[in-house]
Amino acid sequence: MSEHIVPKKIYYRIFGALLVGTALTVIFAFINLGNFNIVAALLIAIAKALLVITFFMHVKYSSRLTKLWVAVGFIWLFIMLAITMTDYLSRAWLVYRP
Amino acid sequence: MSMTPLTATAGRLTSEGEPLNYLNNGHGLKSWLLTKDHKRIALLYLFSVSFFFIIGGIFALLIRINLLSPEGLFNPDTYNRIFTAHGIIMVFLFLVPAVPAVLGNFLLPIMIGAKDLAFPKINLLSWYCYVVAGIFLTVALIAGGIDTGWTFYTPYSTSYSNSNVLLAGVGIFIAGFSSILTGINFIVTVHTMRAPGMTWFRLPLFIWAHYATALVIMLGTPVLAITLSLMALERVAHVGIFDPAMGGDPVLFQHMFWFYSHPAVYIMVLPAMGVVSELIANLARKNIFGYKFVAMSSLAIAVFGFLVWGHHLFVSTQSIYLGIIFSFLSYAVAIPSAIKVFNWTATLFKGSISYDTPMIYGLGFIGLFLIGGMTGLFVAALGIDVHVTDTYFVIAHFHYVMVGGSLMGFLGGMHLWWGKITGRMYPEYWARAAMVIQFVGFNLTFFPQFILGYLGMPRRYAAYPPEFQVLHVLSTAGATILGLGMLITIIYFIWSLKNGERAPANPWGASGLEWRTSSPPPTENFLETPVVTWEAYEFAPIETMDVLGYPGDPGKPSQPVPAEHGTED
Ligand SMILES: [Cu+2]
């Protein structure tokens with residue numbers, strides 16, 4: 001196993017990007033986009049999380065097996081959220097006719 | 001990967017002239033509490049897991065004593081705390097860690113020909129997490145207990161219960177980290193530390209099962225941690241997540257809780273299935289019928305086990321359409337389990353079967369798990385589940401899976417590898433007797449509960465109508481017999497530490513790398529790194545046993561078969 005040395009410059013850039021993301025989240029909170037406020041907030045959050053995982057957590061420089069595991073983790077999270085949400089989506093479909 | 005030859009303790013003797021092994025290589029409390037040897041950590045786990053098993057067992061007996069009479073012995077509030085204690089201790093401090101952290105920890109590196117797990121310090125940390133979790137839960141119990149049931153359903157747990165929910169939540173959170181650390185160690189070790197020649201399809205099925213278990217641990221346990229954190233957040237800071245009074249949804253808690261807790265059933269039972277594969281193969285002296293199918297069925301269970309959690313929510317407000325899908329998927333996940341049961345049975349065909357204790361535990365597992373699994377199909381059916389939800393039918397079902405499955409596997413494995421772990425054999429006569437007593441006691445405890453549940457006896461009730469008394473008394477009688485059987489096992493295991501026969505390297509004529517090193521193994525597991533040139537479960541004809549390196553004489557560590565072709569990965 002070889003340790004990949006990441007130049008400090010990259011860390012500072014990512015840190016900067018994360019700060020920009022935080023600022024954007026705050027700015028968007030003051031703009032009324034209706035339902036899209038939550039979409040914007042989530043998109044920014046996902047982008048920030050991806051930056052942390054790829055660079056700070058060194059996934060970009062890891063083996064394919066590690067990348068597979070990271071992907072599987074997210075797929076599993078997606079499974080949980082997606083199936084749970086189909087519950088909320090379809091709960092009201094059943095109409096009781098007494 | 002290449003491995004350096006092992007020389008540290010190879011062939012050395014202790015000052016008493018005994019061969020140096022992992023048990024006598026270092027004395028004193030410090031050499032145990034700071035050990036990085038996976039075998040010693042396995043023993044630390046064995047002590048702590050057994051301790052909590054006994055505590056959990058005492059709570060089980062208190063439950064059964066309460067239910068001897070229809071009006072109940074304890075007041076309902078005390079009874080709530082008793083069954084909650086039983087559930088939490090047995091699930092999080094016994095069933096989840098029992099097989100992987102004890103047998104898995106001890107055997108996984110040896111079975112693949114490695115010196116240790118990939119991260120020995122993390123392995124020790126895992127045990128300390130377990131201990132801290134145990135302390136938190138013990139304090140929670142002593143300080144008055146928890147009355148929510150082991151499932152912590154909201155909003156009761158977040159807004160109404162005045163018991164030690166937080167303390168227990170923190171304890172379980174930490175216990176979760178203990179299993180995550182074990183899981184990550186197993187995965188990395190299997191990927192990177194297999195001995196030369198140990199290809200994936202030469203791995204013992206025990207390893208496949210533990211790999212699949214580690215997969216479930218890694219993907220499921222973080223969700224438990226998140227769920228408990230959200231529960232704590234709502235309880236402490238009154239953030240409305242699960243409590244409808246604050247705009248939350250209690251069914252969301254059930255979704256998240258069972259996203260972990262259904263796969264947790266497989267964390268408990270998959271490793272035991274791995275043990276049973278070893279029991280059956282080695283005591284029938286035959287390769288497991290359909291090795292690849294059994295290996296892959298472990299992975300299938302691990303993956304599909306994550307898609308069925310909603311079968312616990314059939315009587316909640318969960319969408320009926322989603323319920324239909326969950327019911328169907330729950331039926332589908334029975335297929336890989338059935339593959340295992342059928343293939344074990346087929347393995348027995350024309351095997352040279354020995355009815356020593358490990359085998360009868362294996363057969364016990366098959367019988368009890370079959371009943372547990374089949375009644376699982378009852379409760380996975382939408383219509384029947386409405387009738388039996390939260391009744392003793394469900395209690396009986398999952399005890400057949402948990403006790404009949406996990407516990408039988410754990411005890412069977414402890415008997416198969418007792419000589420390897422301790423260097424002493426257990427007394428065969430007493431072991432068989434204890435197994436039969438446990439089997440009878442178990443069935444007498446839980447079979448009446450199927451009937452009780454079907455007749456409508458709800459779970460978690462401290463009192464019941466008088467017409468249920470006969471069945472409850474039978475059940476309590478069974479629990480007493482089961483407890484007696486356990487006691488016998490504990491006594492002769494302890495007795496054998498001093499008085500048992502010395503274990504030869506391979507008392508069963510078994511296949512597998514762990515039988516090609518001394519009992520107990522040296523600290524580095526093997527005197528020299530083994531090179532695997534044979535397939536899994538390759539049994540030599542009995543006449544040729546010595547030629548293939550199976551030891552005939554007790555105590556003599558067997559040497560690995562010399563490599564025919566160089567080192568390959
Ligand atoms: Cu389930």
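Lettering follows sequence order; numbering is per chain, from 1.
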*Asks:* Is it the case that atom CD1 in B:Ile184 sees more than 12 heavy atoms from other parts of the structure closer than 6.0 Å?
*Replies:*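 Not buried by this count: 12 neighbours or fewer within 6.0 Å.
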*Asks:* Give a yes-or-no answer on whether the side chains of A:Tyr88 and B:Asp249 include a donor-acceptor pair shorter than 3.5 Å.
*Replies:*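 On atom types as modelled, these side chains qualify, holding a pair under 3.5 Å.
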*Asks:* Side-chain contact test, heavy atoms from C-beta onward, threshold under 4.5 Å: evaluate it for B:Phe326 versus A:Ile83 and give yes or no.
*Replies:*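 Yes, their side chains come closer than 4.5 Å.
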*Asks:* Taking side chain as C-beta onward, heavy atoms only, is A:Leu77 less than 4.5 Å from B:Phe259?
*Replies:*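 With C-beta onward as the side chain, the pair stays apart.
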*Asks:* State whether the number of non-hydrogen atoms from other residues, nucleotides or ligands found under 6.0 Å of A:Met57 atom CE is greater than 12.
*Replies:*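 Atom CE in A:Met57 is not packed in, count stays at 12 or less.
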*Asks:* Please classify the contact of B:Ile325 with chain A as side chain, backbone, both or neither, using a heavy-atom distance under 4.5 Å.
*Replies:*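 For B:Ile325, neither part sits under 4.5 Å from chain A.
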*Asks:* CG/A:Leu81 to NE2/B:His255 distance, rounded to the nearest 0.5 angstrom?
*Replies:*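 The NE2 atom of B:His255 is 11.5 Å from CG of A:Leu81, to the nearest 0.5 Å.
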*Asks:* Would you say CD1 of A:Ile38 has more than 12 non-hydrogen atoms from neighbouring residues, nucleotides or ligands within 6.0 angstrom?
*Replies:*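 No - once you tally the heavy atoms of other residues, nucleotides and ligands closer than 6.0 Å, there are 12 at most.
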*Asks:* Between B:Trp309 and A:Thr84, which heavy-atom pair has the shortest distance, and what is it?
*Replies:*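 B:Trp309 and A:Thr84 have their closest heavy atoms at CZ2-OG1, 3.6 Å.
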*Asks:* Around B:Phe304, counting heavy atoms of other residues, nucleotides and ligands shown, do more than 12 lie under 6.0 Å from its CZ?
*Replies:*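 Count not over threshold, so no.
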*Asks:* Side chain of A:Asp87, backbone of B:Ser319: donor and acceptor closer than 3.5 Å?
*Replies:*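 At least one qualifying donor-acceptor pair exists.
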*Asks:* Less than 4.5 Å apart, side chain to side chain, heavy atoms only: is that true for A:Trp69 and B:Ile187?
*Replies:*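 Result yes, sub-4.5 Å side-chain heavy-atom pair found.
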*Asks:* Among B:Leu313, B:Leu219, B:Leu322, which residue has the highest count of heavy-atom pairs closer than 4.5 Å to chain A?
*Replies:*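 Between B:Leu313, B:Leu219, B:Leu322, the count favours B:Leu219.
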*Asks:* Does atom OH of A:Tyr11 have more than 12 heavy-atom neighbours from other groups under 6.0 Å away?
*Replies:*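 Above 12, so yes.
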*Asks:* Other residues, nucleotides and ligands only: do more than 12 of their heavy atoms fall within 6.0 Å of NZ on B:Lys121?
*Replies:*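 12 or below, so no.
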*Asks:* Please check if the number of heavy atoms outside A:Phe56 that lie under 6.0 Å from its CZ is greater than 12.
*Replies:*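 Yes - once you tally the heavy atoms of other residues, nucleotides and ligands closer than 6.0 Å, there are more than 12.
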*Asks:* Would you compute the distance between atom CE of A:Met80 and atom CZ of B:Phe306 and round it to the nearest 0.5 angstrom?
*Replies:*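 The distance works out to 11.0 Å.
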